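Report on one structure; see the data block that follows.
Residues: numbered from 1 along the sequence shown. Atom set for the values below is all heavy atoms of this structure, side chains included, hydrogens, waters and symmetry mates excluded. We count ligands from 1, going down the list as the structure has it; atoms in each ligand are counted the same way. Keep in mind it's a predicted model, so treat the numbers as computed, not measured.
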Amino acid sequence: MNRALAIEFSRITEAAALAAYAWLGRGDKNAADDAAVQAMRYMLNRINMDGEIVIGEGEIDQAPMLYIGEKVGSGMGELVSIAVDPIDGTRMTAMGQPNALSVLAAGGKNTFLKAPDMYMEKLVVGPEAKGMIDLNLPIEQNLRRVASKLGKLMSQLSVMVLAKPRHDEIIRNMQAMGIRVLAIPDGDVAGSVLCCLPEGEVDMLYGIGGAPEGVVAAAAIRALGGDMQARLIPRHQVKGDTAENREIAAREIQRCQQAGVEINRVLTLEELVRDDNLVFSATGITPGDLVQGIKRKENLATTETLLIRGRSRTIRRILSTHYLDRKDTEIYNLIRS
Ligand SMILES: O=P(O)(O)OC[C@H]1O[C@](O)(COP(=O)(O)O)[C@@H](O)[C@@H]1O
Ligand SMILES: [Mn+2]
């Protein structure tokens, strides 16, 4: 992954975030997502590369999403695999709430595990606790191991968990252990990255969220030297054993078989992301703990992007001011309106 190409990817999440922002607070998460997808696709196709989406929002029949297997780029140049989440926090964008961002990761041909869009149990820690996690052990035991490695008391540990009903019990248990729980309504990509940033105050992220988000986050975790373990879980095991959920789960299992990935088995970080020669880019849509949100005044917009190169572990924070009326690419019509 050459350096010049790395910078190009920051322009893609910038455009997708700006497109999403046009739908801020309008209560329509699909419209916001559509706009981000269109901007992302348009910008991806302007890059000189032989690109393929390996982690996306769905299958070919679910267009207009950036679908798994979609070819992007000019078709010439480097072979690049791309994992995208045009908006992590579609609901936050639609409701004008914090912590929505646009994110992607790119690497060489076989860099990313080809996880379909399903649920994934995730356990993430920063570089200081690398090697201390084991998803086969109870979460309480993981917490004790991490605390002792960090030289912290339980009361000094901060753990981020998605605030979903399925996590109510684990959140209560952690709090009973004296742990500080940061329960976030959505957006576990940002939460995962926060665990691994040198200035971050989050010691661990735990919980069940989206698998695409898991693989995208794993790219940043690998680039930053953190650690993660994960497990793909079919829908009926997360959302209730109904006929409908079992039907969805059957399709998920089939997709896993086609892609050669195992469900209900612990996956290591190295299995999720096989190489650290990668790029991770995230641009804030609404104000967040990881990156600032967009500020817009008429034709002027500012963005903050976190761009990480795995090889060198360089962490860039790019603050951009966009004069939207001077952008010549037609995709900015989406954004100006
Ligand atoms: O909302 P669910 O079904 O519990 O799924 C959790 C997932 O949804 C999110 O909170 C938001 O994701 P989207 O905005 O892409 O839908 C993710 O960060 C998380 O992994
Ligand atoms: Mn998402």
Side-chain angles (χ1 to χ4, degrees), residues 13 16-17 19-21 23-25 27-37 40 53 55-58 62 64-68 82-105 115-124 160-168 170-171 182-195 202 205-221 228 230-240 242 244-245 248-249 252 272 280-286 288-291 293:
T13 54
Y21 190 81
W23 289 94
L24 179 80
D28 190 342
K29 60 182 209 168
N30 292 333
D33 207 39
D34 270 9
V37 166
M40 211 174 235
I53 304 295
I55 294 285
E57 296 207 296
Q62 292 172 315
M65 298 310 169
L66 273 159
Y67 61 86
I68 298 166
I82 302 152
V84 303
D85 194 356
I87 304 181
D88 194 35
T90 47
R91 202 173 53 85
M92 322 311 277
T93 305
M95 300 308 288
Q97 291 168 351
N99 278 312
L101 44 81
S102 175
V103 60
L104 70 70
D117 192 357
M118 61 188 294
Y119 280 109
M120 178 186 263
E121 186 185 10
K122 317 166 191 187
L123 179 56
V124 179
M160 208 167 245
V161 184
L162 280 174
K164 307 278 175 181
R166 60 180 174 271
H167 296 143
D168 284 352
I170 187 80
I171 290 174
L182 309 167
I184 51 167
D186 267 309
D188 61 1
V189 176
S192 303
V193 181
L194 279 173
C195 294
V202 184
L205 175 130
Y206 173 74
I208 298 168
E213 285 86 350
V215 176
V216 173
I221 296 162
M228 174 173 182
R231 194 174 359 224
L232 291 166
I233 314 182
R235 189 172 187 94
H236 66 295
Q237 290 180 25
V238 178
K239 300 291 266 190
T242 63
E244 196 193 343
N245 287 340
I248 297 171
E252 293 170 344
L272 295 164
F280 172 91
S281 178
T283 303
I285 301 168
T286 57
D289 301 323
L290 187 67
V291 274

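- Here the side chain of Thr286 pairs no donor or acceptor atom with the backbone of Thr93 at under 3.5 angstrom.
- Protein heavy atom closest to atom 7 (C) of ligand 1, with residue, atom name and distance, is Gly210 N, 3.8 Å.
- Side-chain contact check for Met160 versus Tyr206: every heavy-atom pair is 4.5 Å or farther apart.
- Leu104 places none of its side-chain heavy atoms less than 4.5 Å from the side chain of Phe280.
- Among all non-hydrogen protein atoms, the one lying nearest atom 4 (O) of ligand 1 is Arg166 NH2, 2.7 Å.
- Side-chain atoms of Glu252 and Tyr119 include no donor-acceptor pair closer than 3.5 Å.
- The residue among Asp33, Asp88, Val189 with a heavy atom at the shortest distance from atom 12 (O) of ligand 1 is Asp88.
- Interface of Lys164 with ligand 1, defined as ligand atoms under 4.0 Å from a residue heavy atom, comprises 1 (O), 2 (P), 4 (O).
- Residue contact check: Thr90 has heavy atoms under 4.0 Å from atoms 13 (P), 14 (O), 16 (O) of ligand 1.
- Ser102 and Thr283 share no donor-acceptor pair across their side chains, judged by distance under 3.5 Å alone.
- Panel note: side chain Arg166, backbone Ile208; a donor-acceptor pair is recorded below 3.5 Å.
- When the Mn ion (ligand 2) is compared with the N/O/S atoms of Asp85, atom OD2 turns out nearest.
- Under the 4.5 Å side-chain criterion, counting only non-hydrogen atoms from C-beta, Asn30 is not in contact with Trp23.
- Atom numbering of ligand 1 starts at 1 in the shown order; those under 4.0 Å from a heavy atom of Asp85 are 15 (O).
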side-chain contact (heavy atoms from CB on, under 4.5 Å) evaluation trace for Lys122 with Met228 = CA-CA 7 Å; Lys122 317 166 191 187; Met228 174 173 182; 4.1 Å; yes

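- Among all non-hydrogen protein atoms, the one lying nearest atom 19 (C) of ligand 1 is Asp188 OD1, 3.6 Å.
- Neither the backbone nor the side chain of Met120 has a heavy atom within less than 4.0 Å of ligand 1.
- Contact atoms of ligand 1 toward Gly209: 6 (C), 20 (O) (distance under 4.0 Å to a heavy atom of the residue).
- At a threshold of 4.5 Å between non-hydrogen side-chain atoms, the residues Ile221 and Ser192 count as touching.
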ask   = Given Lys29 and Asp34, is the salt bridge (charged side-chain N to carboxylate O under 4.0 Å, His left out) satisfied, shown in steps?
value = CA-CA 9 Å; Lys29 60 182 209 168; Asp34 270 9; over 6 Å; no

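- Close N/O approach between Gly187 and ligand 1 is found [any backbone or side-chain N/O within under 3.5 Å].
- Of all protein heavy atoms, the one lying nearest to atom 5 (O) of ligand 1 is Tyr119 CE2, 3.8 Å.
- Contacts between Arg235 and ligand 1, counted as non-hydrogen atom pairs separated by less than 4.0 Å, are absent for every part of the residue.
- Here Glu213 contributes OE2 and Asp88 contributes OD1, and at the Mn ion (ligand 2) these two atoms make an angle of 100°, given to 10°.
- Residue Asp33 comes nearest to Pro86 through the heavy atom pair OD1-CB, 4.4 Å, listed as atom of the first residue, atom of the second, then distance.
- On a distance-only criterion, Arg91 and ligand 1 share no N/O pair closer than 3.5 Å.
- Look at Lys122 and you'll find a heavy atom under 4.0 Å from some atom of ligand 1.
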query = Going through the distances and angles, do Leu101 and Val291 end up as a side-chain contact (heavy atoms from CB on, under 4.5 Å)?
reply = CA-CA 8 Å; Leu101 44 81; Val291 274; 4.1 Å; yes

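- Among protein heavy atoms, the minimum distance from atom 9 (C) of ligand 1 is reached at Asp186 OD1, 3.4 Å.
- Residue Gly89 places at least one N or O, backbone or side chain, under 3.5 Å from an N or O of ligand 1.
- An N or O contact shorter than 3.5 Å links Ile87 to ligand 1 by distance.
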